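Fair warning: this is a prediction, and the values are worked out from it, not measured in the lab. Positions are given from 1, in the same order as the sequence printed here.
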Amino acid sequence: QVQLVESGGGLVQAGGSLRLSCAASGRTFSSSAAGWFRQAPGKERECVAAISWTGGTTYYSGSVKGRFTISRDNAKNTMSLQMNSLKPEDTANYYCAASKYASATTWPSDFGSWGQGTQVTVSS
């Protein structure tokens, strides 16, 4: 089981930037695909970005493509999400997750480990 801890959330004005970090413990993280999900009140959890175990393949949802960048450092067991040009609709609780597989995936059921989440609030 991989333990995941997110950090970096907060309050930012529209147009601003935030960088989320995810620290993982457990030797399997570096061989697992991973991703960032978000969930706003009353809405389903959605995958905003995913990355393969090597970092060579990435996926972005249409709503964040061109604004968010996912990256990972397997030597440090960390993953990041750089969020630029933030919009009020990006407001949500953001979770990092480690997949049960090596290839990038966006299906929540493919992820076996989840962090507790970090709140991102974008004011207009």
Side-chain angles (χ1 to χ4, degrees):
Q1 187 79 5
V2 177
Q3 305 278 335
L4 302 169
V5 179
E6 304 96 336
S7 61
L11 173 64
V12 64
Q13 288 189 330
S17 299
L18 281 175
R19 185 177 181 86
L20 304 184
S21 296
C22 177
S25 61
R27 288 176 292 178
T28 60
F29 179 76
S30 61
S31 59
S32 302
W36 286 96
F37 289 74
R38 69 185 181 189
Q39 187 167 22
K43 295 188 176 181
E44 291 188 359
R45 186 172 296 192
E46 65 165 332
C47 181
V48 297
I51 190 167
S52 63
W53 75 279
T54 63
T57 301
T58 56
Y59 161 85
Y60 298 94
S61 68
S63 60
V64 308
K65 195 170 187 177
R67 300 187 297 122
F68 290 12
T69 303
I70 188 172
S71 60
R72 68 187 299 165
D73 185 337
N74 285 342
K76 297 181 179 179
N77 258 13
T78 59
M79 180 174 66
S80 297
L81 184 68
Q82 178 66 42
M83 305 186 295
N84 298 329
S85 302
L86 283 162
K87 304 175 181 180
E89 51 263 44
D90 294 318
T91 295
N93 206 6
Y94 283 71
Y95 302 87
C96 69
S99 172
K100 293 177 276 189
Y101 311 108
S103 299
T105 176
T106 62
W107 294 103
S109 60
D110 287 342
F111 291 79
S113 299
W114 296 82
Q116 293 297 310
T118 185
Q119 178 67 35
V120 171
T121 303
V122 184
S123 63
S124 57

Chemist: Where does the angle between the aromatic ring planes of Trp114 and Tyr95 fall among parallel (under 30°), tilted (30 to 60°) and perpendicular (over 60°)?
Modeler: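 Perpendicular.
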Chemist: Do Ser63 and Arg38 make a side-chain contact, defined as non-hydrogen atoms from C-beta onward lying under 4.5 Å apart?
Modeler: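 Yes, close enough: below the 4.5 Å cut-off.
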Chemist: Which pair of heavy atoms, one from Asn74 and one from Trp53, lies closest together, and at what distance?
Modeler: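 Answer, listing the atom of Asn74 first, then Trp53: ND2-O, 2.8 Å.
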Chemist: List the atom of Leu4, the atom of Ser113, and the distance in Å for their closest heavy-atom pair.
Modeler: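 For Leu4 and Ser113, the tightest heavy-atom pair comes out as CD1-O, 3.4 Å.
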Chemist: Is it the case that one hydrophobic cluster holds both Val2 and Phe111, taking links as side-chain heavy atoms less than 4.5 Å apart, direct or via other members?
Modeler: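 In one cluster: no.
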Chemist: Would you mind listing every salt bridge (Lys or Arg N to Asp or Glu O under 4.0 Å) that reaches into residues 64-88, with sequence neighbours excluded?
Modeler: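 Output for this query lists Arg67-Asp90.
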Chemist: Quick one: does Thr106's side chain get under 4.5 Å of Phe37's, heavy atoms only?
Modeler: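 With C-beta onward as the side chain, the pair stays apart.
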Chemist: To the nearest 0.5 Å, how far apart are CD1 in Ile51 and OG1 in Thr105?
Modeler: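 Answer rounded to 0.5 Å: 14.0 Å.
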Chemist: What are the two closest heavy atoms between Gln119 and Thr91, and how far apart are they?
Modeler: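 Closest approach of Gln119 to Thr91: NE2-CG2, 3.9 Å.
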Chemist: Could you report the tightest heavy-atom contact between Ser80 and Trp36, atom names first, then the distance?
Modeler: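 Ser80 and Trp36 have their closest heavy atoms at O-NE1, 3.4 Å.
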Chemist: Might you point out which heavy atoms bring Ser109 and Lys100 nearest each other, and give the distance in Å?
Modeler: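 Smallest interatomic distance, heavy atoms only, reads O-NZ, 3.0 Å.
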Chemist: Indicate yes or no for a side-chain donor-acceptor contact from Gln116 to the backbone of Glu6 under 3.5 Å, with no hydrogens or angles considered.
Modeler: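 Pair absent, no side-chain N/O of Gln116 close to backbone of Glu6.
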Chemist: Give me each pair satisfying disulfide (SG to SG under 2.5 Å) with a member in residues 45-81, each pair once, sequence neighbours excluded.
Modeler: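 Counting only pairs at least two positions apart or across chains, no disulfide (SG to SG under 2.5 Å) contact touches residues 45-81.
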Chemist: Any side-chain heavy atom of Tyr59 sitting closer than 4.5 Å to one from Ile70?
Modeler: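 Tyr59 does not reach Ile70 side chain to side chain.
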Chemist: Under 4.5 Å between side-chain heavy atoms, counting indirect links through other Ile/Leu/Val/Met/Phe/Trp/Tyr residues: same cluster for Leu81 and Val122 or not?
Modeler: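 Result: yes, single cluster for both.
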Chemist: Can you name the nearest heavy-atom pair linking Phe68 to Tyr60, along with the distance?
Modeler: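 Result for this residue pair: O-CE2, 3.2 Å.
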Chemist: List the atom pairs, with distances to 0.1 Å, where a side-chain N or O of residues 7-23 and a protein N or O form a donor-acceptor pair under 3.5 Å, not counting sequence neighbours.
Modeler:
| unit_1 | atom_1 | unit_2 | atom_2 | d |
| --- | --- | --- | --- | --- |
| Ser17 | OG | Asn84 | OD1 | 3.0 |
| Arg19 | NH1 | Gln82 | OE1 | 3.1 |

